[in-house]
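When reading the values below, keep in mind they use all heavy atoms of this one structure, side chains included, and skip hydrogens, waters and symmetry mates. Along the sequence shown, residues are numbered consecutively beginning with 1. Remember, predicted model here, so these are calculated numbers, not experimental data.
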Amino acid sequence: MNRKILFTPVGGTDPISSTNCYDGAILHICRHYKPDKVIMYMSKEMLENQEKDDRYRYCLDKLCDLQKRTMNYEIIEKNELTKVHEFDFYYEDFQKCIRDIYQTMDESDELFLNVSSGTPAMKSGLLVLQTMEEYPAKLIQVSTPEKRINEHHHKDYDVVTLWELDEDNQPDAHNRCSEITCPSLQKLKKEEVIKKHIMSYDYRAALTVANTMKTDDTQNYKIYLELAEKRLLLDMSAVDKMAKKIDFDCIPVKSSSERMLFEYALCMMIKLKKGEYVDFIRAITPILVDLFELVLKVQCKIDVNDYCNNIKKKDGSNQRRWSGDKLMNTEVENVLNTAFSGSFKLGDVYSVHIKALIEHFSTDIQLNELISNLRLVEEKIRNTAAHDIVSVTEKVIEERTGFSAEKIMKMIQKLFSYTGIKVKKEYWDSYDLMNQEILEKI
């Protein structure tokens with residue numbers, strides 16, 4: 001409908017100041033923004049003024065005559081409103097009023113909010129409401145002609161004479177309206193949301209909010225959010241570039257191959273903390289294969305690659321498979337044939353194969369028990385989570401495997417101690433330490 005709607009409290013200098021003969025804020029906004037409808041919010045005192053001489057509509061009608069147009073008026077009467085200083089009342093009441101207005105608007109309409117008329121509590125209520133609710137409205141402020149606080153005089157108010165004397169009726173009168181925002185309040189609000197996303201390890205959501213802010217407001221920390229997002233995606237190449245640019249060292253394990261394995265485990269921890277149990281379970285198989293293989297190499301001095309061939313796939317990637325030639329007449333072949341009752345078949349390398357080799361070549365009882373339990377977890381629930389449409393909860397995991405998700409993660413952490421990767425206890429808090437550093441920059 002392309003309507004302009006002004007919602008405004010009515011204040012002591014409306015419609016025309018009796019002390020300087022200039023427009024009050026309502027009249028001045030209507031003069032320069034030409035709204036189609038004015039919704040005036042009147043306390044008991046302002047209603048009494050209205051009843052004396054219809055001063056508000058009188059001046060608005062005179063302005064419409066001058067501008068050769070029409071305006072509709074609506075008065076929200078608050079006869080019971082005598083405690084005009086109470087902020088909480090206005091915040092809640094204005095919220096209801098504005099929501100009601102929006103019910104009557106379409107996408108082509110514009111809403112203007114007058115934040116210069118009314119009591120300080122009224123003005124603050126509108127400012128905070130628009131900032132917190134983020135209504136798509138324009139906040140209009142009107143400066144006083146003297147650039148100082150207006151004085152209010154209502155005794156012997158002569159609206160007809162004041163209109164005739166109104167300085168703003170002159171053709172060269174200055175437009176004292178300005179559109180304002182509350183960047184400090186909006187900035188604080190959005191920064192609090194960003195902080196909550198960071199603490200929830202949702203860096204993409206934090207970036208989405210940051211991207212709605214001014215560049216100057218986020219320049220101290222936005223690249224850190226980008227780095228954290230790339231880290232969680234295991235894009236270590238991008239992480240290295242950004243870390244070097246800002247001199248930010250948040251990756252505790254440095255060796256490239258070891259780093260990827262450890263970062264993968266940290267990502268599993270994040271999935272667990274966020275309650276993403278399906279993704280957590282699905283992540284088990286890839287890490288178990290790599291961890292088991294590393295344990296076999298470090299603890300048993302057997303390198304699986306010595307018994308495998310790399311097959312080039314159509315997509316250009318390599319696929320590792322057991323080699324009959326390399327296995328022939330070796331103890332590894334005998335162990336695999338025995339473990340699978342002579343039915344071991346050449347093909348891809350799976351965790352169950354490496355488990356059999358560790359259990360045979362290792363004499364460490366605790367290690368063998370750890371390997372067996374983790375393989376049991378993979379067998380009992382991983383395939384279900386990967387291939388079936390199921391609900392995977394903490395309870396389901398424990399019922400299927402006998403272990404809680406937290407216990408499974410602790411077993412994976414324990415397995416790292418057998419890999420030769422130097423992982424200190426505090427490394428497992430790496431994301432929380434990174435988060436804390438980012439938060440300090442906001």
Original post:
Between Asp290 and Tyr264, do the side chains contain an N or O donor and an N or O acceptor separated by less than 3.5 Å?
Top reply: no
Original post:
In terms of side-chain geometry, is the basic nitrogen of Glu48 or Lys44 positioned less than 4.0 Å from the acidic oxygen of its partner?
Top reply: yes
Original post:
Looking at Met409, Arg282, Glu276, which hits side-chain contact (heavy atoms from CB on, under 4.5 Å) with Lys271?
Top reply: Glu276
Original post:
Would you call Lys62-Asp166 a salt bridge at under 4.0 Å N-O?
Top reply: no
**OP:** Using salt bridge (Lys or Arg N to Asp or Glu O under 4.0 Å) as the criterion, list what pairs up with Glu437, not counting sequence neighbours.
**Re:** none
Original post:
So does Lys274 have more than 12 non-hydrogen atoms from other groups sitting under 6.0 Å from NZ?
Top reply: yes
Original post:
Quick one: does Lys190's side chain get under 4.5 Å of Thr212's, heavy atoms only?
Top reply: yes
Subject >> Of Thr215, Asp217, Asn211, the residue whose pairing with Lys222 passes side chain to side chain donor-acceptor pair (under 3.5 Å) >> reply: Asn211
Original post:
Got a salt bridge between Lys273 and Asp432, using NZ or NE/NH1/NH2 to carboxylate O under 4.0 Å?
Top reply: yes
Original post:
Counting N and O atoms only, with roles assigned by atom type, does the side chain of His28 sit under 3.5 Å from a partner on the main chain of Asn175, one being a donor and the other an acceptor?
Top reply: no
Subject >> Gap separating the SG atom of Cys97 from the CG atom of Leu113, nearest 0.5 angstrom >> reply: 11.0 Å
Subject >> Side chains of Ile223 and Lys245 in contact at under 4.5 Å (non-hydrogen atoms) >> reply: yes
Subject >> Whether over 12 other heavy atoms sit under 6.0 Å from Glu107 CD >> reply: no
Subject >> Short N-O contact, Arg57 and Asp54, less than 4.0 angstrom >> reply: yes
Original post:
Are any side-chain N or O atoms of Arg31 and backbone N or O atoms of Asp168, one a donor and one an acceptor, separated by less than 3.5 Å?
Top reply: yes
Original post:
Does the side chain of Ser108 pick up a donor-acceptor pair with the side chain of Asp106 at under 3.5 Å?
Top reply: yes
Original post:
Would Glu110 and Arg3 pass as an ion pair if we require N to O under 4.0 Å?
Top reply: no
Original post:
Got a second to check how far Met40's CE is from Glu77's CD, nearest 0.5 Å?
Top reply: 10.5 Å
Original post:
Can you find a pair of side-chain heavy atoms, one from Cys21 and one from Trp163, that are under 4.5 Å apart?
Top reply: no
Original post:
Below 4.0 angstrom, N of the basic side chain to O of the carboxylate: do Glu378 and Arg375 qualify?
Top reply: yes
Original post:
Just by distance, with hydrogens left out, do Tyr58 and Gln50 show a side-chain donor and acceptor under 3.5 Å apart?
Top reply: no
**OP:** May I ask you to check whether Asp348 and Gln319 show a side-chain donor-acceptor distance below 3.5 Å?
**Re:** yes
Original post:
Is any NZ, NE, NH1 or NH2 atom of the basic residue among Asp158 and Arg55 found under 4.0 Å from an Asp or Glu carboxylate oxygen of the other?
Top reply: no
Original post:
Can you tell me if Lys254 uses its side chain to pair, donor with acceptor, with the backbone of Ile251 under 3.5 Å?
Top reply: yes
Original post:
Is a side-chain donor or acceptor of Asn169 paired with a backbone partner of Glu164 at a separation under 3.5 angstrom?
Top reply: no
Original post:
Under 4.0 Å between a Lys/Arg side-chain N and an Asp/Glu carboxylate O for Arg320 and Glu293?
Top reply: yes
**OP:** To the nearest 0.5 angstrom, please state how far the NZ atom of Lys355 sits from the CD1 atom of Ile371.
**Re:** 9.0 Å
Subject >> Non-neighbouring partners of Asp36 that pass side chain to side chain donor-acceptor pair (under 3.5 Å), sequence neighbours left out >> reply: none
**OP:** Look at Glu192 together with Lys195 and state whether they make a salt bridge at an N to O cut-off of under 4.0 Å.
**Re:** yes
Subject >> Test: Asp109 and Lys4 ion pair at under 4.0 Å >> reply: no
**OP:** Taking the side chain as every heavy atom from C-beta outward, state whether Thr8 and Ile29 have any pair of such atoms under 4.5 Å apart.
**Re:** no
Original post:
Would you call Arg231-Asp240 a salt bridge at under 4.0 Å N-O?
Top reply: no
Please set out all donor-acceptor pairs under 3.5 angstrom arising from side-chain atoms of residues 416-426, sequence neighbours excluded.
unit_1	atom_1	unit_2	atom_2	d
Ser417	OG	Lys414	O	2.5
Thr419	OG1	Phe416	O	2.6
Thr419	OG1	Ile421	N	3.2

Original post:
Side chains of Tyr73 and Asp61: is there a donor and an acceptor less than 3.5 Å apart?
Top reply: yes
**OP:** Kindly indicate, with the supporting measurements, whether the criterion side chain to side chain contact (heavy atoms under 4.5 Å, CB included) is fulfilled by Ile270 and Leu232.
**Re:** CA-CA 9 Å; Ile270 301 305; Leu232 198 57; 4.1 Å; yes
Subject >> Main-chain N/O of Ser143 paired with Arg176 side-chain donor or acceptor, under 3.5 Å >> reply: yes
Subject >> Distance-only side-chain donor-acceptor flag, Asn435 / Tyr203, under 3.5 Å >> reply: yes
Original post:
For atom OH of Tyr350, is the number of surrounding heavy atoms from other residues, nucleotides or ligands below 6.0 Å larger than 12?
Top reply: no
Original post:
Which atoms form the tightest heavy-atom contact between Pro9 and Ile26, and what is the distance?
Top reply: O-CD1, 3.6 Å
Subject >> Pairwise side-chain contact, Pro120 with Lys123, heavy-atom cut-off 4.5 Å (strictly under) >> reply: no
Original post:
Just by modelled atom types, is the Val377 backbone N or O under 3.5 Å from a matching donor or acceptor in the Thr401 side chain?
Top reply: no
**OP:** Determine, stepwise, if the pair Glu179 / Tyr33 fulfils side chain to side chain donor-acceptor pair (under 3.5 Å).
**Re:** CA-CA 11 Å; Glu179 296 179 14; Tyr33 281 84; 3.0 Å; yes
Subject >> Presence of salt bridge, Glu191 and Lys187, under 4.0 angstrom >> reply: yes
Subject >> Side chain Ser430, main chain Cys250, donor-acceptor under 3.5 Å >> reply: yes
